[in-house]
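To keep things clear, I will list the structure first and then write my remarks on it.
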Number of protein chains: 2
Amino acid sequence: MATQAERREKTRASIVKAARRIFGERGFSAATMDDIAAGARVAKGAVYHHFATKEAVFEAVFEQVSIDLVADLDRISRAENDPLAAMAAGTQGYFAACSKGPTGQIILRDGPAVLGWERWREIDAKHFGGKFPRALAAAMEAGVIAKQPIEPLARLLLGAVTEAAVAVSAGPDIGKTGTDYARAFRSLLDALRVK
Amino acid sequence: MATQAERREKTRASIVKAARRIFGERGFSAATMDDIAAGARVAKGAVYHHFATKEAVFEAVFEQVSIDLVADLDRISRAENDPLAAMAAGTQGYFAACSKGPTGQIILRDGPAVLGWERWREIDAKHFGGKFPRALAAAMEAGVIAKQPIEPLARLLLGAVTEAAVAVSAGPDIGKTGTDYARAFRSLLDALRVK
DNA sequence: TCCATTTACCGACTGATAGTCGGTATTTAT
DNA sequence: ATAAATACCGACTATCAGTCGGTAAATGGA
């Protein structure tokens with residue numbers, strides 16, 4: 001005898017939870033809506049009552065994973081004082097989280113392909129994107145790096161990090177290890193330091 | 001009365017040509033094998049006689065686009081003498097080519113997603129990826145930038161460039177213009193310069 | 001030149017799966 | 001209590017990647 005809102009939220013959460021597991025394990029295209037419905041113990045119709053398309057389900061999962069990840073990274077980078085050191089630390093955490101398992105599958109591999117780059121960027125910007133510009137602004141303010149337009153530089157750095165994360169997620173045999181990239185990234189940040 | 005080799009090559013080329021147009025226009029998942037077959041004026045069976053899967057067709061298209069793109073960029077960057085200036089120039093050309101139309105769709109959007117990271121990296125390394133490492137090695141050799149591991153830095157820079165290209169392709173309203181990014185990238189390269 | 005073999009191509013068919021739709025159960029508003 | 005609205009059900013449809021038995025064309029040996 002739950003209220004409609006409770007029923008609704010419970011079912012929705014159950015669907016997203018099942019979808020998160022299945023998308024993470026098998027990837028977007030190998031996951032079927034029937035699997036997701038079965039995993040959530042509801043009929044397919046219920047899934048389509050809550051989400052218009054398979055992509056919409058994925059988007060909900062993607063947002064949830066992003067939120068969890070950001071919370072983790074915030075905790076990590078808050079421990080540092082120097083602005084550039086905080087960026088480097090957060091980056092390393094990002095590598096660690098995305099380099100293996102479901103998180104990497106959802107965020108790095110399927111994310112851009114399923115949502116499209118624009119939408120991916122939008123969501124990414126909502127959760128992560130703000131971090132880099134803010135950190136850069138702080139670093140410029142503190143005189144640690146030279147003043148220059150923030151937005152383009154932030155994007156370049158974000159792209160660099162993402163690329164490295166993808167490379168790391170492919171395994172240490174193919175690319176270099178997360179440590180190698182973390183070091184390279186730190187050296188890139190150091191290069192920006194005002195001498 | 002063509003030879004088998006001629007028939008084969010003609011049909012294959014026709015398929016790849018049609019597929020290139022259709023993949024470029026609609027994206028991978030919206031393009032159907034029936035469309036491709038129709039576009040190439042052959043039966044679906046012929047397509048499957050030449051390519052095992054839809055992904056295989058895409059791979060052939062991807063390689064062709066890569067080859068064309070690399071040829072363009074080579075021409076552009078060869079005009080510069082300073083190693084870093086050559087990188088910057090090539091980068092700007094990359095922006096121009098990928099920021100709009102079919103090339104961007106195939107290379108930036110569908111490419112990595114469809115082929116999978118490992119395979120994408122292989123092809124990329126064969127055609128394009130080698131450029132950055134080589135340019136960096138030359139710059140280090142010339143003493144323009146400090147000696148350090150090449151591969152990780154090259155990946156970071158490639159990621160930065162790709163991200164910028166995507167941002168530009170999303171339109172100037174969303175990101176900044178290509179010029180803004182080109183400038184930011186040049187400033188990043190300059191930061192690497194030995195002072 | 002003729003036949004056997006191999007290779008290129010054809011297109012109706014199959015299986016899988018995203019999405020639909022008419023119907024039922026449960027809650028809410030009057 | 002009853003009507004309306006909302007949540008959920010699951011058989012059904014449409015679409016499309018991939019298959020398969022068959023035909024046409026080239027090739028190599030006699």
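The model shown is predicted, which means the values in this text are computed figures rather than measured ones. Reminder, nothing fancy here: chain letters follow the sequence lines and each chain counts from 1.
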In whole angstroms, how far is the [atom2] atom of [N] from the [atom1] atom of [X]?
X      : N       : atom1 : atom2 : answer
E6(A)  : dT26(C) : CD    : C1'   : 14 Å
I15(B) : dA8(C)  : CD1   : P     : 12 Å
K10(A) : dT27(C) : NZ    : P     : 11 Å

Show each protein N/O and nucleotides 18-21 of chain C N/O combination with a separation under 3.5 Å, one pair to a line.
| residue | atom | partner | partner atom | Å |
| --- | --- | --- | --- | --- |
| dA18(C) | OP1 | K54(A) | NZ | 3.3 |
| dA18(C) | OP2 | M33(A) | N | 2.8 |
| dA18(C) | N7 | K44(A) | NZ | 3.2 |
| dG19(C) | OP2 | Y48(A) | OH | 3.3 |
| dG19(C) | OP2 | K54(A) | N | 3.0 |
| dG19(C) | N7 | K44(A) | NZ | 3.1 |
| dG19(C) | O6 | K44(A) | NZ | 2.8 |

Counting side-chain heavy atoms from CB outward, which of [options] is closest to [X]?
X      : options                   : value
R8(B)  : dT26(C), dA8(C), dC9(D)   : dA8(C)
R7(B)  : dT28(C), dA26(D), dG11(C) : dA26(D)
H50(B) : dT27(D), dC9(C), dT28(C)  : dC9(C)

Please determine whether a side-chain nitrogen of the Lys or Arg among E122(A) and K126(A) lies less than 4.0 Å from a carboxylate oxygen of the Asp or Glu.
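Salt bridge: no.
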In plain terms, say whether D180(B) and R155(A) are close enough for a salt bridge, that is, a side-chain N and a carboxylate O under 4.0 Å apart.
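Not counted as a salt bridge, because no side-chain N and carboxylate O are separated by less than 4.0 Å.
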With a 4.5 Å limit on heavy-atom distance, are the side chains of H50(A) and V16(A) in contact?
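The answer is no, as the side chains (C-beta and beyond) never meet within the 4.5 Å cut-off.
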T103(A) versus L108(A): any side-chain heavy-atom pair under 4.5 Å?
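No, side chains not in contact.
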Counting only side-chain N and O atoms of H49(B), is one of them less than 4.0 Å from OP1 or OP2 of dC9(C)?
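The answer is no; no side-chain N or O of H49(B) sits under 4.0 Å from OP1 or OP2.
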Would you mind listing every salt bridge (Lys or Arg N to Asp or Glu O under 4.0 Å) that reaches into residues 29-43 of chain A, with sequence neighbours excluded?
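Salt bridge (Lys or Arg N to Asp or Glu O under 4.0 Å) check on residues 29-43 of chain A returns R26(A)-D35(A), D34(A)-K44(A).
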Hey, which sits more toward the 5' end of DNA chain C by its nearest nucleotide, Q4(B) or A43(B)?
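Final value for this comparison: Q4(B).
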Report all side-chain donor-acceptor pairs from residues 139-148 of chain A shorter than 3.5 Å, counting only partners two or more places apart or in another chain.
| residue | atom | partner | partner atom | Å |
| --- | --- | --- | --- | --- |
| Q148(A) | OE1 | S187(B) | OG | 3.1 |

